[in-house]
Amino acid sequence: MKYLLYLSALCLLFISCEEPIARKPVRVSTPKLVKSTVERNKDLLEIEVKIINRLVKKDTLHEYLPTATGSWFYYETKNDSLPYVPQEEDVVTLTYNIMTLTNDTIYSAKEIGIQRIKVNKPSLFKGLRHTFTLLKEGEKATFLFPSSLAFGYHGDDNKITPNTPIKSSVEILNIEKHPTNK
């Protein structure tokens with residue numbers, strides 16, 4: 001009887017130690033689909049950059065500066081008396097609006113309200129999150145963003161449709177330095 005019990009336990013041990021069986025994916029993404037999506041996005045970005053470049057060349061009243069992330073901006077108000085720009089972990093109080101490239105207001109600064117933003121925290125759309133740190137306290141600038149830096153292929157589920165390049169005027173009201181940045 002004891003022998004039968006040991007034999008049963010040994011059989012159960014071998015059966016339960018089987019390798020896990022891998023499941024197949026529910027949906028398979030084909031390389032062809034991914035490649036076509038990448039190509040479409042590259043083409044869209046190229047078209048938007050051409051549109052923005054035409055706007056920049058046409059606007060002779062402002063001096064546009066390119067950013068490292070692929071947007072362009074010009075200063076409306078510049079503050080040369082302060083050297084400090086926001087650093088990681090600082091909290092910045094700012095206002096901004098969102099417009100079409102033809103200056104139609106999508107969201108006014110009043111609608112959005114005054115924002116307190118911790119630098120490098122994803123509380124703003126991608127382009128603005130990476131560019132407002134170029135400004136000093138008291139400065140105001142207007143940025144031009146391709147859709148990939150704005151609200152992308154999804155839009156904002158409200159007023160901004162998918163793949164919409166935007167313009168945004170940003171004003172830095174206050175910079176609260178983090179103790180490690182002083």
Side-chain angles (χ1 to χ4, degrees), residues 38 41-156 159-178 180-182:
V38 168
N41 289 341
K42 283 182 181 178
D43 292 344
L44 178 64
L45 179 61
E46 185 179 327
I47 290 167
E48 291 175 356
V49 166
K50 284 180 183 177
I51 291 168
I52 291 172
N53 280 332
R54 270 187 256 141
L55 288 172
V56 167
K57 286 178 185 173
K58 190 176 177 181
D59 185 357
T60 57
L61 296 176
H62 302 105
E63 181 185 338
Y64 285 85
L65 303 168
T67 68
T69 58
S71 60
W72 295 260
F73 76 103
Y74 65 86
Y75 287 99
E76 291 182 41
T77 308
K78 194 155 172 52
N79 183 355
D80 290 326
S81 66
L82 295 174
Y84 191 80
V85 293
Q87 306 295 317
E88 193 168 326
E89 299 300 320
D90 287 348
V91 176
V92 179
T93 305
L94 57 87
T95 62
Y96 69 96
N97 64 9
I98 298 176
M99 301 174 284
T100 65
L101 293 181
T102 56
N103 295 322
D104 295 321
T105 301
I106 300 171
Y107 294 107
S108 69
K110 188 175 182 179
E111 276 181 275
I112 296 170
I114 295 174
Q115 302 288 309
R116 284 180 42 99
I117 308 295
K118 193 169 193 178
V119 176
N120 294 340
K121 301 301 176 199
S123 55
L124 299 170
F125 63 89
K126 186 177 181 179
L128 192 55
R129 183 172 58 240
H130 295 297
T131 55
F132 79 88
T133 57
L134 299 172
L135 304 177
K136 303 172 201 162
E137 195 171 293
E139 289 187 328
K140 184 175 184 179
T142 296
F143 292 87
L144 305 175
F145 300 106
S147 64
S148 60
L149 293 176
F151 292 88
Y153 66 90
H154 190 267
D156 77 337
K159 295 181 182 180
I160 301 173
T161 58
N163 300 320
T164 302
I166 62 170
K167 181 185 275 193
S168 182
S169 290
V170 182
E171 182 175 9
I172 305 295
L173 304 174
N174 186 41
I175 300 172
E176 295 173 34
K177 295 179 186 177
H178 189 269
T180 60
N181 294 336
K182 291 189 179 202

_Verdict with reasoning, F145 to F125, per ring-ring contact (aromatic ring centres under 6.0 Å, His included)_ = CA-CA 10 Å; F145 300 106; F125 63 89; 5.4 Å; yes
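- Within a 6.0 Å sphere centred on NE2 of H154, other residues, nucleotides and ligands contribute 12 heavy atoms or fewer.
- Between L101 and I166, the closest side-chain pair of non-hydrogen atoms is not below 4.5 Å.
- Between the side chain of N174 and the backbone N or O of T93, no donor-acceptor pair lies under 3.5 Å.
- To the nearest 0.5 Å, atoms OG (S148) and NZ (K42) are separated by 13.0 Å.
- The CZ atom of F143 sits 9.5 Å away from atom CG of L65, with the distance rounded to the nearest 0.5 Å.
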*K177 and E137: CA distance, side-chain angles, deciding distance, salt bridge (Lys or Arg N to Asp or Glu O under 4.0 Å) verdict*: CA-CA 11 Å; K177 295 179 186 177; E137 195 171 293; over 6 Å; no
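- Residues passing the salt bridge (Lys or Arg N to Asp or Glu O under 4.0 Å) test with K136, sequence neighbours excluded: none.
- Contact check for P165 versus E48: side-chain heavy atoms found under the 4.5 Å cut-off.
- Taking 4.5 Å as the limit, every side-chain heavy atom of I52 sits out of range of all side-chain heavy atoms of Y64.
- Residue I175 holds its CD1 atom at 13.0 Å from CD1 of I117, rounded to the nearest 0.5 Å.
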*Please assess Y75 against F73 for the test ring-ring contact (aromatic ring centres under 6.0 Å, His included), listing each intermediate value before the final yes or no.*
CA-CA 7 Å; Y75 287 99; F73 76 103; 5.3 Å; yes
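- A salt bridge is defined here as a Lys NZ or Arg NE, NH1 or NH2 lying under 4.0 Å from an Asp or Glu carboxylate O, and K118 with E88 fails to meet this definition.
- Surrounding CD1 of I114 are at most 12 heavy atoms belonging to other residues, nucleotides or ligands under 6.0 Å away.
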*asked:* The test is side chain to side chain donor-acceptor pair (under 3.5 Å); show your working for E76 and S169 and say whether it passes.
replied: CA-CA 9 Å; E76 291 182 41; S169 290; 3.0 Å; yes
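- Residues Y107 and D156 have side chains in contact (heavy-atom distance under 4.5 Å, counting atoms from C-beta outward).
- Residues L44 and Y153 have side chains not in contact (no heavy-atom distance under 4.5 Å, counting atoms from C-beta outward).
- The OG1 atom of T77 sits 12.0 Å away from atom CD1 of I172, with the distance rounded to the nearest 0.5 Å.
- Residue pairs that meet the salt bridge (Lys or Arg N to Asp or Glu O under 4.0 Å) test with at least one member in residues 77-86, sequence neighbours left out, are K78-D80.
- How far NZ of K140 is from OG1 of T95: 6.5 Å, rounded to the nearest 0.5 Å.
- Judged by distance alone, the side chain of D90 and the main-chain N or O of H178 form a donor-acceptor pair under 3.5 Å.
- Under the rule for a salt bridge (Lys or Arg N to Asp or Glu O under 4.0 Å), R54 has no partner lying at least two apart in sequence or in another chain.
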*asked:* E46 vs K50, test: salt bridge (Lys or Arg N to Asp or Glu O under 4.0 Å). Steps then yes/no.
replied: CA-CA 6 Å; E46 185 179 327; K50 284 180 183 177; 3.5 Å; yes
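- Here the side chain of T131 pairs a donor or acceptor atom with the backbone of G127 at under 3.5 angstrom.
- Although no hydrogens or angles enter the test, the distance criterion places a donor-acceptor pair under 3.5 Å between the side chain of K159 and the main chain of I106.
- Between the side chain of Q115 and the backbone N or O of L94, no donor-acceptor pair lies under 3.5 Å.
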*How far apart are the C-alpha atoms of T105 and S108, what are their side-chain angles, what is the distance that settles it, and do they pass the side chain to side chain donor-acceptor pair (under 3.5 Å) test?*
CA-CA 6 Å; T105 301; S108 69; over 6 Å; no
